[in-house]
Amino acid sequence: LFQMTQEQYILAAQPNNLQRSGCAPVYPVGIYGWRKRCLYFFVLLLLVIMIVNLALTIWILKVMNFTVDGMGNLRVNKDGIRLEGISQFLLPLYVKEIRSRKDSPLILHSDRNVTVNARNDLGQLTGQLTVGPESVEAQCQRFEVKTNDGGKVLFSADEEEISIGAEKLRVTGTEGAVFGHSIETPHIRAEPFQDLKLESPTRTLTMEAPKGVEISADAGDFKATCRKQMQLVSTEGEIFLNANTIRLGNLPLGTSTTSLGSAVPKQTVYELCVCPNGKLYLSPAGTGSTCHSTSNVCLWS
């Protein structure tokens with residue numbers, strides 16, 4: 001044993017270029033030195049990154065409340081996507097239908113305005129509804145407001161006309177309703193115990209109907225007042241005044257030329273006379289007609 005150990009020591013002490021005859025060269029296999037330390041360092045760094053990444057993923061899943069049904073307030077079901085609470089969209093939203101829960105309203109908030117657009121298959125704009133801070137604008141071919149069941153159109157508007165289908169149109173403003181042009185209606189009626197007033201402050205007021213215009217006051221008076229002339233014209237028919245008492249006030253009184261300068265007794269009965277131009281005047285009644293003697297009133301008109 002001692003001899004074998006001494007021989008191995010002698011062989012190990014010999015120079016590297018000296019080799020024993022009949023033995024193959026020996027080459028080292030593996031990673032040694034600084035390369036080995038770098039490899040261990042990168043493996044350790046990769047392990048740390050994996051642990052941090054896994055921890056961040058678990059934290060994000062916990063914070064965002066990811067579940068098998070969705071994420072946070074977002075739930076995905078067979079009918080679509082359901083959002084709970086307040087949702088904010090930074091980019092345009094393209095949806096087919098937006099509905100709220102049965103027990104809560106649908107509220108849309110915006111710092112500037114809320115715009116809803118409708119487009120066709122070609123991407124062309126067919127309808128637009130804009131709710132702004134100062135106005136609400138609707139741009140479409142036809143705008144309609146219907147009842148709850150959708151069977152009756154309450155209001156509709158297009159380029160040609162505006163139609164109101166409600167049974168009653170109520171105007172509560174102090175200035176009433178102002179129309180720039182003519183209106184067509186079968187009936188105009190005021191509220192109970194309220195007056196009805198049709199007025200044109202600076203122009204004329206015209207009421208026309210092919211079959212007639214009827215103005216009636218069943219429980220009150222009818223009064224027509226003008227500043228200049230009031231004309232009642234019937235081109236083909238007649239003017240019919242039907243009342244128990246017909247009064248014509250402020251008619252001029254005709255006087256006879258023979259009675260000028262003489263005392264005239266108190267007169268209580270007068271005769272109604274008509275000038276050739278249609279003017280009416282009163283003449284003191286006598287045993288016969290006195291219209292001819294007092295016809296000087298016709299000369300003044």
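Not measured: the values here are computed from a predicted model.
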_Heavy-atom pair of closest approach, residues L253 and P284_ = CD1-CD, 4.4 Å
*L54 side, atom CG; I58 side, atom CD1 - distance, nearest 0.5 Å*: 4.0 Å
*Return yes when atom CG of D149 has more than 12 non-hydrogen atoms of other residues, nucleotides or ligands closer than 6.0 Å, and no otherwise.*
yes
*Say whether L248 and V274 are linked into one hydrophobic cluster, either directly or through other cluster members, by side-chain heavy-atom distances under 4.5 angstrom.*
yes
*Over all heavy atoms of both residues, which pair between S110 and V114 is shortest? Give the atoms and the distance, please.*
CB-CG2, 3.6 Å
*Kindly compute the distance separating CZ (R119) from CD (Q128), expressed to the nearest 0.5 Å.*
8.5 Å
*When rounded to the nearest 0.5 angstrom, what distance separates CG in L154 from NZ in K152?*
7.0 Å
*Measure from the side-chain N and O atoms of E271 to the backbone N and O of T290, and report whether any donor-acceptor pair falls under 3.5 Å.*
yes
*Is there a path from L61 to V63 through hydrophobic residues (I, L, V, M, F, W, Y) whose side chains come within less than 4.5 Å of each other?*
yes
_Residues in salt bridge (charged side-chain N to carboxylate O under 4.0 Å, His left out) contact with E97, at least two apart in sequence or another chain_ = R99
_In this structure, would V48 and L56 fall into the same cluster of hydrophobic residues linked by side-chain contacts under 4.5 Å?_
yes
*Side chain proximity check, V131 to N113, heavy atoms < 4.5 angstrom*: no
*Work out which heavy atom in S234 is nearest to a heavy atom in I239; give both atom names and the distance.*
CB-CG1, 4.1 Å
*Let me see the working for L272 and L282 under side chain to side chain contact (heavy atoms under 4.5 Å, CB included), right down to the final yes or no.*
CA-CA 5 Å; L272 181 62; L282 297 178; 4.1 Å; yes
*State plainly whether one hydrophobic cluster holds both V213 and L205, where clusters connect Ile, Leu, Val, Met, Phe, Trp and Tyr through side-chain heavy atoms under 4.5 angstrom apart.*
yes
*Kindly compute the distance separating OG1 (T126) from CG (D121), expressed to the nearest 0.5 Å.*
10.0 Å
*Following the transitive rule for hydrophobic clusters with a side-chain heavy-atom cut-off under 4.5 Å over Ile, Leu, Val, Met, Phe, Trp and Tyr, establish whether L280 and Y270 coincide in one cluster.*
yes
_To the nearest 0.5 Å, what is the distance between CD1 on I51 and CG on L46?_
10.0 Å
*Name all residues meeting the side-chain contact (heavy atoms from CB on, under 4.5 Å) criterion together with I164; count only those two or more places apart in sequence or in a different chain, and write none if there are none.*
F155, A166, L169
*Say you draw a straight line from CD1 of I215 to CG of L198; how long is it, rounded to the nearest 0.5 Å?*
8.5 Å
*asked:* Please find the pair of heavy atoms, one from M230 and one from T225, that lie closest to each other, and give the distance.
replied: CE-N, 4.2 Å
*Heavy atoms only: give me the nearest R142-S156 pair and the separation to one decimal.*
NH2-OG, 3.2 Å
_Give me the atom names and distance for the closest heavy-atom approach of Y281 to C298._
CE2-SG, 3.7 Å
